Amino acid sequence: MADLIEPTRLTKKDFETDQDVRWCPGCGDYSILANVQRVMPELGLPLEQIVWVSGIGCSSRFPYYMNTYGFHTIHGRAPAFATGIKTANPELSVWMATGDGDGLSIGGNHLMHCLRRNVDIKILLFNNRIYGLTKGQYSPTSEVGKVTKSTPSGSVDQPIDPASFALGVNASFVARSIDVEAQHLGDVLRRAAKHVGTAFTEIYQNCNVFNDGAFDSFTDKAVKADRQIRVEHGKPLVFGAERNKGLRLNPATMTLEVVDLAAGGVTEADLLVHDETNSVLAYMLARMPYPAFPVALGVLFCELRPTFGASLTTQRQAAEQKYGGGDVDALLGGGNTWTI
Amino acid sequence: MADLIEPTRLTKKDFETDQDVRWCPGCGDYSILANVQRVMPELGLPLEQIVWVSGIGCSSRFPYYMNTYGFHTIHGRAPAFATGIKTANPELSVWMATGDGDGLSIGGNHLMHCLRRNVDIKILLFNNRIYGLTKGQYSPTSEVGKVTKSTPSGSVDQPIDPASFALGVNASFVARSIDVEAQHLGDVLRRAAKHVGTAFTEIYQNCNVFNDGAFDSFTDKAVKADRQIRVEHGKPLVFGAERNKGLRLNPATMTLEVVDLAAGGVTEADLLVHDETNSVLAYMLARMPYPAFPVALGVLFCELRPTFGASLTTQRQAAEQKYGGGDVDALLGGGNTWTI
Amino acid sequence: MTESTPLVSSASGREVLPSAVVRFAGDSGDGMQVTGDQFTAAAALARNDLATFPDFPAEIRAPTGTLYGVSGFQINFSSQDVYTPGDAPDVLVAMNPAALKTNLRDLKRGGLLIANSGAFTAQNLKKAGYETNPLEGDSLSNYRVMSIDITKLTVAAVKELNLSTKEAHRCKNFWTLGLMFWLYGRPLEPTVQWIEGKFKKRDDLVQANIAALKAGHAYGETAEIAHHRYEVPAAALEPGTYRNIGGNTATAWGLLAATKLSGLDMLLGAYPITPASDVLHELSKYKQFGVTTVQAEDEIAAVCAALGAAYAGNIGVTTTSGPGMALKMEGIGLAVAVELPLVIVDIQRGGPSTGLPTKTEQADLLQAVYGRNSEAPVCVIAASTPGNCFYMAIEAVRLALKYMTPVILLTDGYLANGAEPWRIPKFADLPKIDVKFRTDPEGFHPFLRDPKTLARNWAIPGTKGLTHRIGGLEKDFKSGHISYAPDNHELMCQTRAQKIAGIADDVPEQKIDLGDASGKLLVLGWGSTYGSIREAVQRCRARGLSVSHAHVNYLNPLPRNLGDLLKRFDRVLVPELNMGQLVKIIRSQYLVPAESYPKVQGQPFKIAELYERIVSTMES
Amino acid sequence: MTESTPLVSSASGREVLPSAVVRFAGDSGDGMQVTGDQFTAAAALARNDLATFPDFPAEIRAPTGTLYGVSGFQINFSSQDVYTPGDAPDVLVAMNPAALKTNLRDLKRGGLLIANSGAFTAQNLKKAGYETNPLEGDSLSNYRVMSIDITKLTVAAVKELNLSTKEAHRCKNFWTLGLMFWLYGRPLEPTVQWIEGKFKKRDDLVQANIAALKAGHAYGETAEIAHHRYEVPAAALEPGTYRNIGGNTATAWGLLAATKLSGLDMLLGAYPITPASDVLHELSKYKQFGVTTVQAEDEIAAVCAALGAAYAGNIGVTTTSGPGMALKMEGIGLAVAVELPLVIVDIQRGGPSTGLPTKTEQADLLQAVYGRNSEAPVCVIAASTPGNCFYMAIEAVRLALKYMTPVILLTDGYLANGAEPWRIPKFADLPKIDVKFRTDPEGFHPFLRDPKTLARNWAIPGTKGLTHRIGGLEKDFKSGHISYAPDNHELMCQTRAQKIAGIADDVPEQKIDLGDASGKLLVLGWGSTYGSIREAVQRCRARGLSVSHAHVNYLNPLPRNLGDLLKRFDRVLVPELNMGQLVKIIRSQYLVPAESYPKVQGQPFKIAELYERIVSTMES
Ligand SMILES: Cc1ncc(C[n+]2csc(CCOP(=O)(O)OP(=O)(O)O)c2C)c(N)n1
Ligand SMILES: Cc1ncc(C[n+]2csc(CCOP(=O)(O)OP(=O)(O)O)c2C)c(N)n1
Ligand code: SF4
Ligand code: SF4
Ligand SMILES: [Mg+2]
Ligand SMILES: [Mg+2]
């Protein structure tokens with residue numbers, strides 16, 4: 001990972017392609033694209049060292065709009081391609097764009113194994129809780145009772161929370177942000193870029209054609225301060241327009257409570273402090289019942305752990321030290337042979 | 001689900017088939033089979049109402065040895081078949097046998113979606129932390145550094161904990177037991193059978209040919225009392241040969257501690273009480289670092305929730321009430337038509 | 001028929017045409033599909049025979065004014081039989097420069113162009129890549145051009161209702177429709193009613209769209225346009241009650257009918273994919289037919305859920321397109337091994353890989369027949385017209401249940417989205433499908449076979465005394481138990497193959513669809529090319545050429561008489577929307593030197609290109 | 001050659017045989033594979049030509065004494081050229097009743113049976129389904145029987161070492177080997193050394209096994225057995241250094257060699273599956289060759305990881321068998337669309353579905369050639385002997401890199417597990433594979449093609465100035481950008497097809513492997529049937545029949561001269577271990593009435609059955 005402090009001469013423009021962007025006007029994907037293009041120059045990497053990989057979906061069109069190397073693959077398999085690319089050339093900075101269908105429906109298994117292996121790639125899951133490209137069927141993140149083209153009487157399956165899923169399969173970095181929250185999304189992307197290992201970031205993304213306003217209840221300017229909690233490592237879990245609400249743990253029941261700091265009695269000292277290395281806390285924050293609790297955003301979990309690639313490299317170097325570069329004649333001539 | 005109290009005339013023998021069992025002598029699968037055959041009569045169901053479904057693997061040979069209906073399908077896909085079977089005929093009691101490779105490697109995605117949909121089937125995952133049928137490659141549950149045929153220098157991927165995985169994707173019932181612990185396994189199976197929804201049970205199973213003794217460190221008679229904690233709903237989390245150890249929550253850090261009840265000072269009242277409806281607690285228990293902490297066994301999580309099938313049946317009945325039984329002439333003749 | 005040479009002027013002073021081809025083209029947002037549907041309904045009510053085909057952009061909502069954002073709808077309506085949406089439009093409606101740019105090439109020389117000059121702004125012209133405004137200057141001199149500022153006239157027509165500009169502009173398509181109704185003398189009433197239903201929640205929009213419709217019509221009446229009006233008289237269709245139907249709807253309805261014909265419930269396991277998703281959407285509306293639709297996590301789960309349901313006694317169905325089909329092959333192989341009924345509908349699209357998702361192609365045939373590991377024979381059939389999808393869907397279910405086998409039904413994007421008037425059958429006239437589940441424990445084992453069909457008996461869970469285990473390992477012919485015995489394996493492979501081959505005795509012999517039973521050239525087609533081949537052959541025969549047309553619906557096994565039929569012609573030409581697939585099977589099976597006429601452009605055959613190819617073939 | 005008519009008795013007083021076929025059969029636990037390997041090593045050191053084939057049970061460790069638990073190992077060793085492990089054994093070693101029951105049917109009339117009477121207990125006889133002990137009575141009168149209580153004699157031989165009974169019994173196989181060495185006059189020393197290495201951690205076991213080996217040998221020397229001993233002289237093999245090699249090892253080593261020949265690293269994405277797993281196992285040992293093995297979560301991830309690696313500039317390889325192959329098809333389709341090099345090795349096994357996992361079959365050919373959605377042509381080649389796997393693996397890599405295309409290499413369970421002496425090539429003599437990555441930004445786009453090969457240029461991530469995007473949607477021929485244009489799509493489909501067709505000019509012309517260049521009958525084979533067809537044709541020619549043998553290694557495209565070659569024979573017979581697949585392609589492509597000789601028993605062809613089929617064909 002290049003040093004992020006080092007300044008680079010690249011600008012947002014350098015990351016734009018000549019292809020016109022073909023998302024629907026008003027799609028949340030546009031702002032994600034803009035934010036990514038804004039953050040990318042900070043990586044301090046030359047364009048050619050970056051690869052964007054995706055599956056199939058509106059979100060998966062992403063690589064076409066990034067002036068880096070890009071591979072728009074097949075539906076759901078992007079994590080496997082990314083694993084192959086990063087393993088073949090550890091020098092590359094590999095990024096993946098996927099959707100809630102691509103990543104969690106057909107691609108759930110590959111995503112899970114990529115996360116547990118801790119392949120050093122950065123994954124952005126655009127969660128619009130719908131299948132956009134196929135014109136509006138419910139997805140594994142759609143709420144129960146969702147009426148869509150394929151579920152005229154409402155969907156019956158429990159949705160998955162992408163962050164809980166990622167934690168359950170031992171992801172080493174789990175974060176959440178929102179398409180239009182430029183500042184917050186930018187910060188999360190910087191953290192993801194810094195993380196050595198699989199960085200999994202869920203981005204709530206508005207599909208204004210097939211699932212418009214899916215997140216309004218906690219993203220609207222008016223309510224967001226009270227409906228979101230932006231977690232920061234080492235800081236108490238405070239939220240609310242007046243920063244007057246907090247999350248407290250009830251140790252007896254091991255459940256969370258929303259407490260009112262204004263009311264007096266309770267102080268920040270009583271609140272849980274966010275510890276991004278605590279998987280259980282992250283799990284708890286990821287799945288707080290909404291709207292009784294706010295939606296947790298930011299870096300929920302982050303843990304340093306050997307990456308898939310680093311371990312493989314170590315094994316390869318050990319082999320090379322032990323046997324040298326690999327000698328075909330020695331290989332074929334080893335063991336029992338006889339000469340005539 | 002039939003009432004389990006009601007006595008039935010079936011015995012273990014009735015559930016045995018005429019096929020000779022082809023597992024390796026000494027394989028843990030034998031004792032799982034025996035325990036299942038022992039519990040099955042208690043379901044109070046006639047043989048023909050029970051279906052065993054499996055994928056491919058040693059564990060997946062299971063259906064051949066159960067004198068019920070059985071479908072030995074293809075590798076990793078058993079949850080999808082089971083979903084189709086149960087949805088087509090809700091009267092059936094559908095059971096699934098899978099392995100750590102079948103269920104969590106190739107089949108991880110289907111398992112995940114079956115769990116979140118809460119299809120009313122009972123899943124037994126035989127976890128021997130190895131691929132048995134293909135003669136010994138590491139699996140997604142093998143510990144890091146596992147030396148196998150396919151990893152001569154040791155595996156590098158982080159394993160998945162099946163229970164954490166299940167919790168992360170909103171399974172409604174998550175339990176753990178051990179192949180040879182007849183009593184405990186029997187109890188867990190009874191609980192699973194009773195559960196309305198997907199009941200996910202991980203069974204530690206010894207593959208004495210390719211991964212012999214994988215679980216000895218906490219299953220051996222000598223040590224098991226101190227290395228296992230058998231959780232029970234509403235009971236404090238006590239373990240140890242003398243029942244003198246317990247698990248206490250550190251509310252500040254939200255982590256667990258092993259405390260010594262003998263030492264005095266700490267009493268059972270200070271311990272966490274198991275609440276099988278608390279997903280966060282279950283998650284915490286499922287992934288306690290071993291050997292610093294004991295291995296949690298029993299019903300970690302259980303929550304009643306509408307099943308996939310029940311919701312679909314409701315929708316169908318609503319449609320039938322509204323439109324009657326479905327009339328082809330009305331269907332074809334609806335909308336704009338003209339007669340010549 | 002797309003030729004439209006003027007006939008005698010009718011009393012109405014209209015020019016009477018045997019048929020006409022009209023194409024509406026505009027921005028995705030311009031509502032061209034709605035306009036097309038309404039114009040189609042009017043033609044249908046006027047008793048024309050017709051065929052329609054929409055042409056969507058691949059993008060959901062492409063930016064306005066772009067070339068790739070153009071959405072089109074073509075209709076061919078006639079007083080004679082119609083088999084295709086027509087090659088080249090007689091009338092092109094272009095709502096903006098991009099629509100003109102992408103569609104003009106198809107307009108007949110001398111054809112009528114109606115362009116919305118209001119949309120020919122500098123910005124739109126630029127997006128469409130026009131240096132100068134084509135409506136000015138004489139670049140369009142080969143056509144009759146009506147350049148009208150439809151935008152302005154529409155806004156004027158609806159101004160009383162003070163809608164937002166955006167909403168006012170949205171009414172353009174009804175203004176245009178009104179003008180087209182005037183041009184072909186269609187009544188406005190049905191569309192007025194449709195508008196009232198459609199927008200009932202917004203009375204102002206009802207008013208506005210009706211106003212626009214009438215204004216467009218009035219414009220034709222009053223404005224000084226030196227242009228005669230047309231009349232396309234009613235066609236002499238077979239008596240009966242008709243409706244307009246598209247291929248995906250017909251497929252879904254055929255499956256629904258099959259539940260009632262067989263008395264079985266159905267489980268559809270499907271994962272959305274263009275152009276198959278609409279079958280899932282349609283079936284999900286009809287739970288009262290005992291149909292359960294499971295939107296699975298992927299295509300593999302979809303086929304496996306369907307097969308699981310079949311094991312439990314349902315009609316198991318899965319619908320998909322190319323890439324999804326590839327994923328289902330292992331599951332279909334299991335269905336072959338366990339010999340359970342399963343219906344797989346592959347609505348083919350352009351490939352390879354993701355390819356051209358919204359375009360049509362016939363290139364999954366070899367995959368359907370051969371695309372599984374080892375020897376895994378299945379039955380493969382195809383639909384040839386939108387309406388035919390209904391009958392072939394029923395046939396797929398019938399064969400699957402009777403032979404305990406997977407049946408693959410091939411349709412394609414052209415059939416899926418195309419539509420035609422369809423004579424509605426009576427349920428009572430449809431052949432019942434009788435199903436017998438095994439119930440007798442006496443001498444039972446799961447692979448006992450019907451000596452005639454070779455189908456194994458179907459014993460479903462829940463049946464007392466028949467508990468048994470099945471799976472993908474080879475089984476003993478005599479007991480159904482697992483068997484690795486060499487001779488038994490060969491016997492089982494042969495039995496599975498014979499079972500499929502035997503289906504040939506249960507399906508219609510191949511007929512000549514048009515022309516003599518022997519002659520110089522047979523044009524052999526399959527699937528969605530039916531209409532274009534038929535019309536092309538018709539033209540050749542009109543020119544006195546010795547050409548016949550045979551169209552195959554049963555692809556594996558092939559009709560038992562096909563070999564003889566082929567040998568009665570000097571030459572065989574096989575046009576396919578692929579690089580030559582059926583032709584491979586034909587040559588291999590019958591050793592006839594059949595010639596391939598491949599087209600892989602994501603587009604159906606034009607009658608003219610087929611016609612020329614046939615003529616040149618015969619001259620060669 | 002398996003005929004073994006006695007020749008002149010040699011000085012040694014031994015009966016000299018041109019060749020012999022020996023089969024060791026016993027319980028999975030009896031160590032028959034080890035015994036076979038050691039006996040093979042001895043034959044190899046004696047300079048015999050040879051071929052071996054193991055026959056494992058499907059179960060991992062089947063219960064002792066059961067019929068399905070029998071494990072076998074057959075070797076054919078000769079003073080002449082050997083092409084197969086032989087049809088029928090001259091000598092059968094049966095370590096228990098189950099082994100006798102399942103193998104006796106193959107023993108030649110008059111052949112020698114060595115049975116361990118000690119294992120013929122009431123219980124074992126029952127498990128094997130014998131009413132009475134076949135070693136008593138005259139049911140074996142057609143054979144020469146040596147009934148020896150090997151168990152007892154072994155226990156006696158090792159008693160000094162007071163091992164557990166279980167361990168003592170485990171030495172049985174070396175006692176037996178000792179006896180066989182005596183019978184064929186082989187030295188004990190090499191095996192003694194092997195034992196010392198193998199058990200170095202347990203000196204008592206070293207002693208015991210050596211003691212048993214010597215005891216068995218001494219038994220032959222001393223015991224009063226009215227039986228003469230044999231000698232199979234050295235074969236006149238081409239000079240060179242030889243080793244014994246199995247097909248899966250050869251495949252793995254060929255891939256390893258390709259890394260050094262091309263100078264590229266390799267990524268193998270694989271998911272374990274019988275009989276392919278051993279290639280993964282073998283490659284995982286050689287990280288120093290720049291090979292990374294990724295055991296993926298499934299076959300789909302495996303092929304996708306390999307293709308991702310290819311995109312990044314590695315040699316991407318994936319290995320699998322039938323069911324896994326079906327799952328890879330969508331991924332292979334993408335490789336076709338993006339035109340990246342990819343090597344897929346399909347080690348075929350018995351199907352359909354899970355089928356007969358441990359048995360051999362050649363039934364994935366049509367899947368390999370046609371099993372993808374839409375028009376997705378790939379190169380398909382096959383290996384014909386265990387040693388040939390090495391060269392075809394290199395060839396697969398060469399073609400994939402040169403033509404930027406997926407190449408499917410077909411081998412099968414018979415090649416994978418079979419073994420033969422193999423003349424070791426020098427690395428220096430192997431053809432280098434030269435690879436050029438694109439580096440020049442001038443006029444670059446990703447789908448620029450080499451005018452001759454039509455391969456696109458390979459620009460890998462990390463290369464300055466060449467950033468670009470590729471994917472599964474159709475692309476413009478001239479710019480590589482996404483394109484839905486009709487004519488462009490057809491052009492691209494044709495280009496992809498021509499690229500594969502063009503490979504025919506880059507591979508050897510089809511040669512006649514045995515016999516004249518024209519004649520009455522050509523026996524056309526492919527893959528692992530090489531040895532049996534060759535020997536059968538040899539026998540026919542020895543009888544003066546006008547038969548030739550041609551064996552195809554390049555299946556798609558087929559060798560450019562194959563059509564002409566076929567036409568030079570009156571008839572063509574195509575024996576395949578499937579229901580007839582290559583024959584379909586041949587008939588379709590060349591319109592020759594090639595006849596199919598299918599066998600689907602999970603077993604290779606026996607020379608005798610091929611011989612008879614050829615003869616009867618020629619008489620018909
Ligand atoms: C194998 C396969 N199956 C199905 C499809 C059709 N398909 C394309 S994208 C998609 C889902 C898109 O949903 P999501 O991943 O949420 O992306 P979004 O469009 O919402 O951004 C589907 C089902 C396909 N292209 N390939
Ligand atoms: C599509 C496919 N891929 C691979 C295989 C080979 N295979 C059979 S079982 C198995 C894994 C078995 O491991 P597990 O599920 O843990 O079962 P166990 O044998 O350990 O009980 C594999 C890789 C297969 N049969 N089918
Ligand atoms: S369909 Fe939805 S997700 Fe897709 S581009 Fe349009 S707005 Fe965005
Ligand atoms: S290989 Fe292992 S898991 Fe399989 S049967 Fe043998 S002991 Fe049991
Ligand atoms: Mg989405
Ligand atoms: Mg296992």
Side-chain angles (χ1 to χ4, degrees), chain A residues 17 19 46-54 56 63-64 66-89 91-92 94 109-110 112-113 312 315-320 322-329 331-340, chain D residues 41 44-45 47 237-244 253 256-257 259-260 265 267 269 286-290 292 294 296-298 300-302 304-314 316 330-331 334 338 424-427 430 460-473 481-482:
Chain A
T17 62
Q19 301 296 295
L47 296 169
E48 64 269 17
Q49 203 174 321
I50 302 167
V51 182
W52 276 88
V53 185
S54 67
I56 302 287
Y64 288 114
M66 292 295 301
N67 187 23
T68 62
Y69 282 87
F71 199 170
H72 178 230
T73 68
I74 45 179
H75 196 34
R77 320 301 176 185
F81 285 94
T83 299
I85 292 168
K86 181 68 182 180
T87 307
N89 182 354
E91 292 307 300
L92 299 171
V94 181
N109 201 40
H110 308 302
M112 147 168 142
H113 287 280
L312 289 176
Q315 293 191 344
R316 177 172 170 177
Q317 285 162 348
E320 283 167 348
K322 192 150 166 215
Y323 308 103
D327 173 337
V328 176
D329 289 319
L331 173 73
L332 305 187
N336 278 344
T337 67
W338 64 95
T339 306
I340 289 168
Chain D
L45 289 175
R47 306 280 185 273
L237 293 168
E238 240 185 297
T241 300
Y242 285 76
R243 70 174 306 127
N244 208 38
W253 290 5
L256 289 169
T259 62
K260 296 301 168 187
D265 282 353
L267 186 140
Y286 297 101
K287 303 188 165 41
Q288 68 273 23
F289 278 76
T292 306
V294 175
E297 56 270 27
D298 65 11
I300 297 174
C304 293
L307 187 55
Y311 174 68
N314 272 19
E330 191 202 5
L334 177 64
V338 294
I424 303 171
K426 296 238 159 320
F427 177 69
L430 297 172
I460 64 173
T463 315
K464 189 155 197 56
L466 301 188
T467 57
H468 65 275
R469 277 64 53 191
I470 60 172
L473 291 163
H481 291 318
I482 296 172

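Lettering of chains follows the sequences in order, A, B, ..., and the numbering in each one begins at 1. Since the structure is predicted, the reported quantities are computational estimates derived from the model, not experimental observations.
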Partner chain D: residue of [options] with the largest heavy-atom pair count (under 4.5 Å):
options	answer
A/Gln317, A/His110, A/Gln315	A/His110
A/Thr87, A/Thr337, A/Thr73, A/Ile56	A/Thr337
A/Ile74, A/Asn89, A/Thr83	A/Ile74
A/Gly70, A/Ala88, A/Ala80	A/Gly70

Who wins among [options] for the most heavy-atom pairs under 4.5 Å with chain A?
options	result
D/Gln288, D/Lys287, D/Arg47	D/Gln288
D/Glu330, D/Lys260, D/Arg243, D/Glu238	D/Arg243
D/Gly465, D/Ala302, D/Gly290, D/Ala306	D/Gly290
D/Ala44, D/Ala257, D/Gly472	D/Ala44
D/Ala310, D/Ala312, D/Gly313, D/Ala305	D/Ala305
D/Asp265, D/Thr292, D/Leu430, D/Thr259	D/Asp265

Contact part of [X] toward chain A, heavy-atom cut-off under 4.5 Å: side chain, backbone, both or neither?
X	result
D/Tyr242	both
D/Ile470	both
D/Thr463	both
D/Leu466	both
D/Lys464	both
D/Leu237	both

Note, [X] side chain near [Y] side chain (heavy atom, < 4.5 Å):
X	Y	answer
A/Pro63	A/Phe71	no
D/Leu334	D/Cys304	no
A/Val328	D/Phe289	yes
A/Asn336	D/Asn244	no
D/Tyr286	A/Tyr323	no
D/His481	A/Gln19	yes

Please flag which part of [X] lies under 4.5 Å from any non-hydrogen atom of chain D: side chain, backbone, both or neither.
X	value
A/Thr17	side chain
A/Met112	neither
A/Leu92	side chain
A/Leu312	side chain
A/Thr68	backbone

- Query: Should A/Leu332 and D/Lys426 be marked as a side chain to side chain contact (heavy atoms under 4.5 Å, CB included) after you check the CA-CA gap, both sets of side-chain angles, and the distance that decides it?
  - Reply: CA-CA 9 Å; A/Leu332 305 187; D/Lys426 296 238 159 320; over 6 Å; no
- Report yes or no: does A/Glu91 contribute a side-chain atom to a donor-acceptor pair with the main-chain N or O of A/Gln49 at less than 3.5 Å?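 Absent.
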- Message: Check whether A/Asp329 reaches the backbone of D/Phe427 with its side chain - one donor and one acceptor, N or O, closer than 3.5 Å.
- Response: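 Flag set: sc A/Asp329 to bb D/Phe427 pair under 3.5 Å.
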- Message: Quick check: closest heavy atoms across A/Ala82 and A/Val94, and the distance to 0.1 Å?
- Response: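 Scanning both residues completely, I find the closest heavy atoms to be CB-CG1, 4.0 Å.
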- Message: Side chains of D/Thr241 and A/Thr339 only: does a donor on one sit below 3.5 Å from an acceptor on the other?
- Response: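 Their side chains do contain a donor-acceptor pair, which is all the 3.5 Å distance test asks for.
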